[in-house]
Amino acid sequence: MEAQSQVVDRLRSSFRSGVTLPEQFRQTQLSRLLSMLKENEEKILAALHDDLAKPKFEAVLSEVELVLGEVHYAISNLRSWMQLEYCAKNMATKLDDCFVRREPLGVVLIIGTWNYPLQLVLSPMIGAIAAGNCVIVKPSEVSPATDRLIAELIPKYLSQDCYAVVSGGAEETKALLQHRFDHIFYTGSQAVARCILQAASVHLTPVTLELGGKCPSVVYGRVNIVAAARRLIWAKFFNAGQSCVAPDYVLCSKATCDTLVPALRAALQDFYGTEPQTCPDLSRIVSQKHWTRLVELLEKSKAKVVVGGETDEEDKYIAPTVVVDVAEDDVLMQEEIFGPILPIITVESLEKVIDFINSREKPLALYVFSDESSVINTVLEKTSSGGFCSNDGIIHMTLPGLPFGGVGASGWGSYHGRWGFETFSHRRACMMRGWALERLNGLRYPPYRDDKLSWLRWTTRTNCSIM
């Protein structure tokens with residue numbers, strides 16, 4: 001097996017050769033990535049089922065089609081993304097060419113995670129390839145079947161001189177982080193993110209952190225309670241709640257809670273039947289370790305289970321669960337749940353809802369369910385979150401035209417579509433000058449005089465700007 005240092009050196013040598021710079025090379029690699037997904041869909045679905053028991057429907061939507069959409073979007077828009085961006089000029093720079101040039105950063109590292117083990121490696125990789133970088137990807141060892149498949153397919157389809165896969169656990173990741181990269185892109189927990197930041201600081205390497213947090217769902221005012229319940233249930237229990245943008249908890253009034261719970265129960269029965277464990281449309285918890293953590297949360301919580309609550313350790317199964325009478329300091333409110341447990345907290349005014357949200361770390365996503373635009377706009381204007389969606393959940397992150405990323409503790413930076421290309425690009429400020437207007441330039445040379453200064457102040461004013 002090739003040593004990590006050899007892999008990094010090989011890719012850095014390739015990058016310095018300039019092979020990744022031409023548009024045609026980038027387009028070719030993106031097209032090969034497209035072929036990789038289309039020609040190996042059954043293998044991909046099988047690996048995802050082995051790791052998480054993902055239903056085919058969910059795996060196709062969230063792993064295959066979402067990534068295919070990102071590749072198509074990048075292929076269609078790459079030429080325009082690579083164009084020079086000319087900027088406004090003033091009188092002093094009238095005859096100069098002034099523009100922003102997007103350049104690749106170099107050799108970048110992408111560290112994926114286990115809940116969407118294909119999407120969360122390939123989606124940022126698309127932006128890195130489009131921007132002209134060489135890329136090392138480190139899939140999650142917690143989803144071993146997908147890890148092995150990625151390690152098999154990427155060298156088969158993409159240039160081995162420019163793209164590589166490094167597998168392994170925590171020790172291999174720590175060793176990899178000892179090397180200097182030009183950018184590190186990490187998806188995962190806040191605890192690991194702190195370790196990544198420490199390692200990156202040694203080389204002053206810029207990082208993108210896609211983390212998570214407790215994403216609130218506000219149900220307030222007049223609302224279509226049946227539709228809200230169905231959309232909440234779908235967003236929360238998709239992938240068994242193992243989504244960084246899943247609704248983590250619900251905030252609503254006591255009266256709304258009394259009507260919402262029966263609607264949630266009905267929606268769960270419609271979706272998964274009376275015996276959810278036998279339903280093929282429910283994923284399983286990824287590992288015994290994660291299953292145990294979730295069960296312990298339920299056992300320690302003082303909240304009341306009103307729907308679900310059943311567990312099966314051997315099957316790594318936890319029933320879709322709804323709990324009420326949740327105190328603000330309950331164990332379920334101390335960390336991101338990341339599983340099929342939905343707490344409902346009663347709050348009697350919109351002002352208190354907003355105070356509750358703002359008293360905690362900024363979430364990756366915030367959802368508001370209401371027929372009242374004033375409610376939606378008030379929450380939007382008075383809170384902060386990575387993303388925002390009204391009357392639905394998760395859907396906003398599927399659109400490549402929107403940036404996806406957190407704010408504060410929920411993440412640094414963003415990607416998807418053009419935003420991924422920008423994340424992995426350096427925006428180089430360029431001014432191309434000739435020898436004209438030397439008399440005007442002479443105004444800035446010593447000896448300094450007040451009349452020279454007056455002329456210079458006029459020529460550099462923004463209200464004198466021209467293209």
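At a threshold of 4.5 Å between non-hydrogen side-chain atoms, the residues Phe271 and Phe237 do not count as touching. At least one side-chain heavy atom of Phe238 sits under 4.5 Å from a side-chain heavy atom of Ser62. Contact of the Tyr448 side chain with the Leu453 side chain is not registered, since no non-hydrogen atoms from C-beta on lie closer than 4.5 Å. At a threshold of 4.5 Å between non-hydrogen side-chain atoms, the residues Arg428 and Glu103 count as touching. In this structure the side chain of Ile110 reaches within 4.5 angstrom of the side chain of Val135, judged on heavy atoms. Contact annotation: the side chain of Ser140 never approaches that of Pro117 to less than 4.5 Å [non-hydrogen atoms, C-beta and beyond]. Two residues are said to be in side-chain contact when any heavy atoms from C-beta on lie closer than 4.5 Å; Leu109 and Leu177 meet this criterion. Between Pro55 and Pro280 the shortest side-chain heavy-atom distance does not fall below 4.5 Å.
Pairs of residues two or more places apart, or lying in two chains, that qualify as side-chain hydrogen bond (donor to acceptor under 3.5 Å, both in side chains) and include a residue from residues 11-33 are Arg12-Asp182, Glu23-Gln27, Glu23-Arg79, Gln24-Thr28. Sequence neighbours left out, the pairs with a member in residues 126-145 that pass salt bridge (Lys or Arg N to Asp or Glu O under 4.0 Å) are Lys138-Glu141. Legend: side-chain hydrogen bond (donor to acceptor under 3.5 Å, both in side chains) pairs involving residues 415-424, not counting sequence neighbours, sorted by first then second residue: Arg102-Glu422, Arg418-Glu422, Glu422-Arg427. Each side-chain hydrogen bond (donor to acceptor under 3.5 Å, both in side chains) pair with one or both residues in residues 209-236, not counting sequence neighbours, appears once here: Lys214-Asp248, Arg230-Asp270. For residues 111-120, the pairs satisfying side-chain hydrogen bond (donor to acceptor under 3.5 Å, both in side chains) are Tyr116-Ser243, with sequence neighbours left out. Sorted by first then second residue, the salt bridge (Lys or Arg N to Asp or Glu O under 4.0 Å) pairs that include residues 356-367, not counting sequence neighbours, number zero.
Rounding to the nearest 0.5 angstrom, the gap separating the CG atom in Leu33 from the NZ atom in Lys38 is 11.5 Å. From Ile285, atom CD1 reaches atom CG of Leu294 across 5.5 Å, with rounding to the nearest 0.5 Å. Here the straight-line distance linking atom CG of Leu120 with atom OG1 of Thr146 works out to 11.0 Å at 0.5 Å rounding. One distance of note links CG of Leu380 with OG of Ser373; it measures 11.5 Å at 0.5 Å rounding. The structure places CG of Leu197 at 10.5 Å from OH of Tyr186, a figure rounded to the nearest 0.5 Å. One distance of note links CD of Glu63 with CD of Glu41; it measures 11.5 Å at 0.5 Å rounding.
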* **Trace of the side chain to side chain contact (heavy atoms under 4.5 Å, CB included) decision for Leu350 with Val379** => CA-CA 8 Å; Leu350 190 59; Val379 177; 3.8 Å; yes
* To do: Give the intermediate values and the outcome of side chain to side chain contact (heavy atoms under 4.5 Å, CB included) for residues Asp51 and Val142.
  => CA-CA 8 Å; Asp51 288 331; Val142 180; over 6 Å; no
* To do: Show your working on side chain to side chain contact (heavy atoms under 4.5 Å, CB included) between Met397 and Leu66 and close with a plain yes or no.
  => CA-CA 10 Å; Met397 60 83 61; Leu66 195 147; 4.3 Å; yes
* Asked: Should Glu351 and Lys382 be marked as a salt bridge (Lys or Arg N to Asp or Glu O under 4.0 Å) after you check the CA-CA gap, both sets of side-chain angles, and the distance that decides it?
  -> CA-CA 10 Å; Glu351 182 181 0; Lys382 294 189 175 183; over 6 Å; no
* To do: Take Val8 and Phe181 through the side chain to side chain contact (heavy atoms under 4.5 Å, CB included) test and state the conclusion after the steps.
  => CA-CA 9 Å; Val8 175; Phe181 292 96; 4.1 Å; yes
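Residue Ala267 comes nearest to Ile233 through the heavy atom pair CB-CG1, 3.9 Å, listed as atom of the first residue, atom of the second, then distance. Of all non-hydrogen atoms in Ala365 and Cys215, the two that sit nearest each other are O-CB, 3.2 Å. Residues Val108 and Ala128 come closest through the heavy atom pair CG2-CB, 4.0 Å. In plain terms, the two heavy atoms of Leu149 and Ala47 that are nearest each other are CD2-CB, 4.1 Å. Counting all heavy atoms, side chain and backbone alike, Leu45 lies closest to Ala59 at CD2-CB, 3.6 Å. Contact record, Tyr367 with Ala246: CE1-C, 4.5 Å, taken as the closest heavy-atom pair.
In this structure, Phe424 has its ring center under 6.0 Å from that of His183.
Remark: side-chain polar atoms of Ser201 are not paired, donor with acceptor, to backbone N or O of Leu204 under 3.5 angstrom. Asn133 places a side-chain N or O within donor-acceptor distance of the main-chain N or O of Leu105, the cut-off being under 3.5 Å. For the pair Thr378 (side chain) and Ser374 (backbone), a donor-acceptor distance under 3.5 Å is present. Gln242 places a side-chain N or O within donor-acceptor distance of the main-chain N or O of Asn239, the cut-off being under 3.5 Å. Side-chain atoms of Ser80 come within 3.5 Å of backbone atoms of Asn77 as a donor-acceptor pair (strictly under, hydrogens ignored).
Atom CH2 of Trp81 has more than 12 heavy atoms from other residues, nucleotides or ligands within 6.0 Å. Around the CG atom of Asp450, the shell of radius 6.0 Å holds no more than 12 heavy atoms that belong to other residues, nucleotides or ligands. Open room surrounds CZ on Phe57; 12 or fewer heavy atoms of other groups in view lie less than 6.0 Å from it.
By the side-chain contact (heavy atoms from CB on, under 4.5 Å) test, Leu95 is found to be paired with Ala436, Leu437, residues two or more places apart in sequence or in another chain being considered. Partners of Arg444 according to the side-chain contact (heavy atoms from CB on, under 4.5 Å) rule, which considers only residues two or more places apart in sequence or in another chain, are Arg433, Asn441, Leu456. When the side-chain contact (heavy atoms from CB on, under 4.5 Å) test is applied to Val347, the partners found at least two apart in sequence or on another chain are Leu251, Ile345, Lys352, Val353. In terms of the side-chain contact (heavy atoms from CB on, under 4.5 Å) criterion, residue partners of Phe99 (sequence neighbours excluded) are, by chain and number, Leu84, Tyr86, Asp97, Arg101, Cys430, Met432.
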Throw together a table of side-chain donor-acceptor distances under 3.5 angstrom for residues 150-157, partners on residues two or more places apart or in other chains.
from   : atom 1 : to    : atom 2 : distance (Å)
Tyr157 : OH     : Glu39 : OE1    : 2.6
Tyr157 : OH     : Asn40 : ND2    : 3.0

Between side-chain atoms of residues 333-340 and protein atoms elsewhere (two or more places apart, or another chain), which donor-acceptor pairs fall under 3.5 Å?
from   : atom 1 : to     : atom 2 : distance (Å)
Gln334 : NE2    : Asp329 : O      : 3.2
Gln334 : NE2    : Asp330 : O      : 3.2
Glu335 : OE2    : Arg293 : NH1    : 2.9
Glu336 : OE1    : Gly213 : N      : 3.2

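Side-chain contact check for Ser5 and His179: no donor-acceptor pair (N or O, by modelled atom type) lies under 3.5 Å. When only modelled atom types and interatomic distance are considered, Thr460 and Asn90 share no side-chain donor-acceptor pair under 3.5 Å.
Classified by interplanar angle (parallel below 30°, tilted 30° to 60°, perpendicular above 60°), the ring pair Tyr163/Phe25 is parallel.
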